[in-house]
There are 2 protein chains.
Amino acid sequence: MGERNILIALPENKNRRTISKRLRQDGYSVIYKRSGQDVLDYVQQEIPLIIIMGADLPKVSGWEVCKQLKLDRLTKKIGVVLYADERDDNEVILGLEMGADEFITADESIREIIARINALSRRIIIANNHIKVKDIEIDLDEHRVRKDGAPIDLTYIQFKLLYLLASRREDIFSRQEILERVWGKRVYVTNRTVDVHIKRLREKLGEFQYPSEYIQTIHGKGYRFI
Amino acid sequence: MGERNILIALPENKNRRTISKRLRQDGYSVIYKRSGQDVLDYVQQEIPLIIIMGADLPKVSGWEVCKQLKLDRLTKKIGVVLYADERDDNEVILGLEMGADEFITADESIREIIARINALSRRIIIANNHIKVKDIEIDLDEHRVRKDGAPIDLTYIQFKLLYLLASRREDIFSRQEILERVWGKRVYVTNRTVDVHIKRLREKLGEFQYPSEYIQTIHGKGYRFI
DNA sequence: TCTGTTTTGCAATTTACATGCCAAATATTA
DNA sequence: TAATATTTGGCATGTAAATTGCAAAACAGA
């Protein structure tokens with residue numbers, strides 16, 4: 001999810017050129033792909049912010065790509081914009097079911113199309129820097145954590161630790177992995193220290209009884225946020 | 001299903017050399033076979049991740065090999081890529097019916113071919129690490145088991161035991177075999193211990209009455225997952 | 001720079017957990 | 001029914017995790 005990359009998979013025509021030009025003016029970098037398969041291959045390497053694609057792409061249709069993207073944890077955050085020549089409500093419904101975020105049609109003005117892409121882009125950027133799990137909210141930009149809306153003061157390490165775990169719910173992190181990711185590659189800190197920080201974090205999250213509601217201990221493996 | 005082994009059964013030419021080289025660069029190990037029969041013989045010993053073969057192999061055609069592979073429980077997980085000099089839609093349909101996973105033709109760019117093989121490889125690895133049986137789901141990567149979507153916490157041994165049984169449904173495992181596969185080759189653990197772990201596992205799977213819905217006891221032989 | 005405060009890391013202690021085995025109870029087979 | 005297998009609960013043991021207090025380090029404000 002580098003920065004402001006947009007992947008466009010549309011047949012080359014005047015419309016595509018205009019959209020690309022306007023997006024570039026707005027500070028996005030634009031990449032083209034031809035087929036649905038190409039799109040799927042590309043996202044294995046790079047995660048664009050948004051993909052704009054025709055509903056009727058060759059090889060793998062836009063709907064199918066959309067569905068696949070939304071299935072994978074790593075790619076489901078990508079904003080998906082489906083493009084059709086004309087508006088068809090059934091298609092819109094189908095697309096929404098597949099998890100598409102926006103629909104644009106050839107008969108809309110470029111101005112409107114760009115406005116909607118920009119709006120989507122903002123929504124995604126905010127969503128990416130903002131994690132909400134149960135009653136806990138984590139805001140990366142503000143460096144702030146809230147529980148039920150009330151701010152919780154975490155120290156530097158506690159915040160990084162929480163963010164690491166919460167940004168990849170369900171994933172188990174070993175103590176070693178946590179050390180490397182929170183403290184950095186070259187650490188001379190004991191594994192046990194992680195336990196202590198987990199405890200202090202749990203405390204601040206308002207957990208005074210065992211087992212924890214948020215941070216689960218996987219015996220012999222590590223911790224995970226649930 | 002060792003790691004990232006790819007078996008190539010294609011006539012030697014520039015194309016084959018290029019593909020092999022690129023695959024090796026991507027971290028696969030590549031093995032060659034000549035005829036369809038050779039391929040069938042080989043998979044009795046080793047299970048590669050993917051087989052790339054010409055549709056018109058000598059002795060046994062690629063289609064025939066494909067069909068045979070997909071019939072056998074042990075080999076049907078192998079990804080099959082059929083290669084033809086030119087695209088023929090009828091052949092593609094035939095191949096799909098036979099269970100082939102991908103088709104590549106000489107006129108595609110190497111880059112695209114490699115991308116599609118990589119994508120296939122990922123799909124297979126994911127599918128192999130995820131078992132779904134009845135209402136039980138087992139995810140090897142996440143070290144997580146779910147029943148009706150609700151997570152079940154298993155210990156290390158319990159998880160390995162369940163995974164072993166579930167990965168080969170219907171197969172009966174003797175206690176000795178279970179010991180070797182779950183505890184490792186050199187164990188000094190009683191056979192009876194297996195029973196105890198089976199019991200604990202059944203308990204966690206929510207089975208409090210006899211006989212078990214998931215893990216069947218074969219008197220005098222062992223256990224199997226049904 | 002000094003001083004008080006907070007944060008952090010560690011070691012010692014306590015607690016929880018997973019595992020293996022036994023023995024009694026129960027089931028299966030012949 | 002006798003002989004054999006399996007299930008089950010309990011218990012001991014070793015190991016992993018949680019907790020706690022303390023001291024060093026980092027930090028903030030005067």
Side-chain angles (χ1 to χ4, degrees), chain A residues 143 145 151-162 164-165 172-184 186-226, chain B residues 143 145 152-165 172-184 186-226:
Chain A
H143 193 270
V145 176
I152 296 177
D153 282 331
L154 297 184
T155 69
Y156 181 68
I157 287 186
Q158 284 158 11
F159 186 84
K160 282 190 84 174
L161 179 56
L162 175 62
L164 172 67
L165 295 176
I172 300 172
F173 291 88
S174 72
R175 285 161 227 278
Q176 200 50 48
E177 217 173 332
I178 291 175
L179 282 177
E180 282 177 15
R181 286 178 177 266
V182 174
W183 276 257
R186 301 197 144 272
V187 270
Y188 303 96
V189 174
T190 319
N191 269 6
R192 295 284 119 238
T193 299
V194 176
D195 301 25
V196 177
H197 283 275
I198 290 278
K199 173 200 156 27
R200 304 209 251 238
L201 181 52
R202 281 171 170 162
E203 244 170 32
K204 286 209 182 164
L205 293 180
E207 312 214 85
F208 300 102
Q209 57 181 350
Y210 190 80
S212 164
E213 185 192 350
Y214 303 111
I215 298 168
Q216 195 178 39
T217 306
I218 313 300
H219 195 100
K221 293 221 175 271
Y223 298 96
R224 78 168 150 213
F225 201 95
I226 47 176
Chain B
H143 188 267
V145 176
I152 296 177
D153 286 326
L154 297 184
T155 69
Y156 182 68
I157 286 189
Q158 285 158 12
F159 187 84
K160 282 189 85 174
L161 178 57
L162 175 63
Y163 189 79
L164 172 67
L165 295 176
I172 300 172
F173 291 88
S174 73
R175 290 176 175 71
Q176 200 50 47
E177 215 173 334
I178 291 176
L179 282 177
E180 281 178 14
R181 286 179 177 266
V182 173
W183 277 258
R186 302 195 145 272
V187 271
Y188 303 96
V189 175
T190 320
N191 270 5
R192 294 291 115 238
T193 300
V194 175
D195 303 22
V196 176
H197 283 277
I198 290 280
K199 166 196 151 40
R200 289 170 182 162
L201 183 52
R202 282 171 170 161
E203 247 170 42
K204 286 211 181 164
L205 293 180
E207 312 214 86
F208 300 103
Q209 56 182 348
Y210 192 81
S212 164
E213 185 192 350
Y214 302 111
I215 299 168
Q216 199 174 45
T217 307
I218 312 299
H219 193 98
K221 295 210 177 289
Y223 298 96
R224 78 169 153 205
F225 201 94
I226 47 175

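Proteins get letters first, then strands, A, B, ... in listed order; numbering begins at 1 in each.
- If A:Gly220 and B:Lys221 are placed on DNA chain D by their nearest nucleotide, the residue sitting closer to the 5' end is B:Lys221.
- Between A:His197 and A:Trp183, the ring-plane angle classifies as perpendicular under the 30° and 60° cut-offs.
- At D:dT7, one or more side-chain N or O atoms of B:Thr217 fall inside 4.0 Å of OP1 or OP2 (strictly under the cut-off).
- Using a 4.5 Å heavy-atom threshold, the side chains of B:Tyr163 and B:Val182 count as separate.
- Using a 4.0 Å heavy-atom criterion, one finds that A:Phe208 contacts no nucleic acid atom at all.
- If you check every strand for non-hydrogen atoms under 4.0 Å, B:Ile157 touches sugar and phosphate atoms only.
- Within the 4.0 Å cut-off from OP1 or OP2 of D:dT6, at least one side-chain nitrogen or oxygen of B:Arg192 is found.
- Here A:Arg200 does not reach the OP1 or OP2 of C:dT7: none of its side-chain N or O atoms lies under 4.0 Å away.
- Close to D:dT4, at under 4.0 Å from its OP1 or OP2, lies no side-chain N or O of B:His219.
- Taking 4.0 angstrom as the limit, A:Arg202 places a side-chain polar atom (N or O) nearer than this to OP1 or OP2 of D:dA18.
- Atom CD1 of A:Ile198 is separated from atom P of D:dA16 by 18 Å (rounded to the nearest Å).
- Among residues two or more places apart in sequence or in another chain, the salt bridge (Lys or Arg N to Asp or Glu O under 4.0 Å) test is passed with A:Arg192 by A:Asp195.
- Nearer the 5' end of DNA chain C, as judged by each residue's closest nucleotide, is the contact made by B:Lys204, out of B:Lys204 and B:Val189.
- Rounded to whole angstrom, the span from the CD atom of B:Gln216 across to the P atom of D:dT7 amounts to 11 Å.
- In this structure, CG of B:Leu201 is placed 15 Å from C1' of D:dT7, rounded to the nearest angstrom.
- Taking atom OH on B:Tyr156 and atom P on D:dT15, their separation rounds to 16 Å, with Å as the unit.
- The backbone N or O of A:Arg200 sits nowhere less than 3.5 Å from a side-chain atom of A:Gln158 that would complete a donor-acceptor pair.
- Nearest nucleotide to the B:Val196 side chain, out of D:dA17, D:dT8, C:dG9: D:dT8.
- In terms of modelled atom types and a separation under 3.5 Å, the side chain of B:Thr217 and the main chain of B:His219 share no donor-acceptor contact.
- An OP1 or OP2 oxygen of C:dT7 is reached within less than 4.0 angstrom by no side-chain nitrogen or oxygen of A:Thr155.
- Put simply, CD1 on A:Ile215 is 15 Å from P on D:dA17, counting in whole angstrom units.
- Across D:dG9, C:dT19, D:dT8, the shortest atom-to-atom separation from the side chain of B:Glu203 is found for D:dG9.
- For B:His197, a side-chain nitrogen or oxygen approaches OP1 or OP2 of C:dG20 to under 4.0 Å.
- Paired with B:Phe173 under the rule side chain to side chain contact (heavy atoms under 4.5 Å, CB included), one option of B:Glu180, B:Arg181, B:Arg224 passes, and it is B:Arg181.
- Between B:Asn191 atom CG and D:dT8 atom P there is a gap of 18 Å when expressed in whole angstrom units.
- Distance, B:His143 NE2 to C:dA18 C1': 12 Å, rounded to whole Å.
- Contact annotation: A:Tyr223 side-chain N/O to D:dA16 OP1/OP2 distance is not under 4.0 Å.
- OP1 or OP2 of D:dT20 lies within a sub-4.0 Å distance of a side-chain N or O belonging to A:Lys199.
- When distances are taken from the side chain of B:Thr193 to each of C:dT19, C:dC21, D:dT7, the shortest belongs to C:dC21.
- Between A:Trp183 and C:dG9 there is a side-chain polar atom (N or O) within less than 4.0 angstrom of OP1 or OP2.
- The CG atom of A:Asp195 sits 18 Å away from the P atom of D:dT15 (whole-angstrom rounding).
- Close to C:dC21, at under 4.0 Å from its OP1 or OP2, lies a side-chain N or O of B:Thr190.
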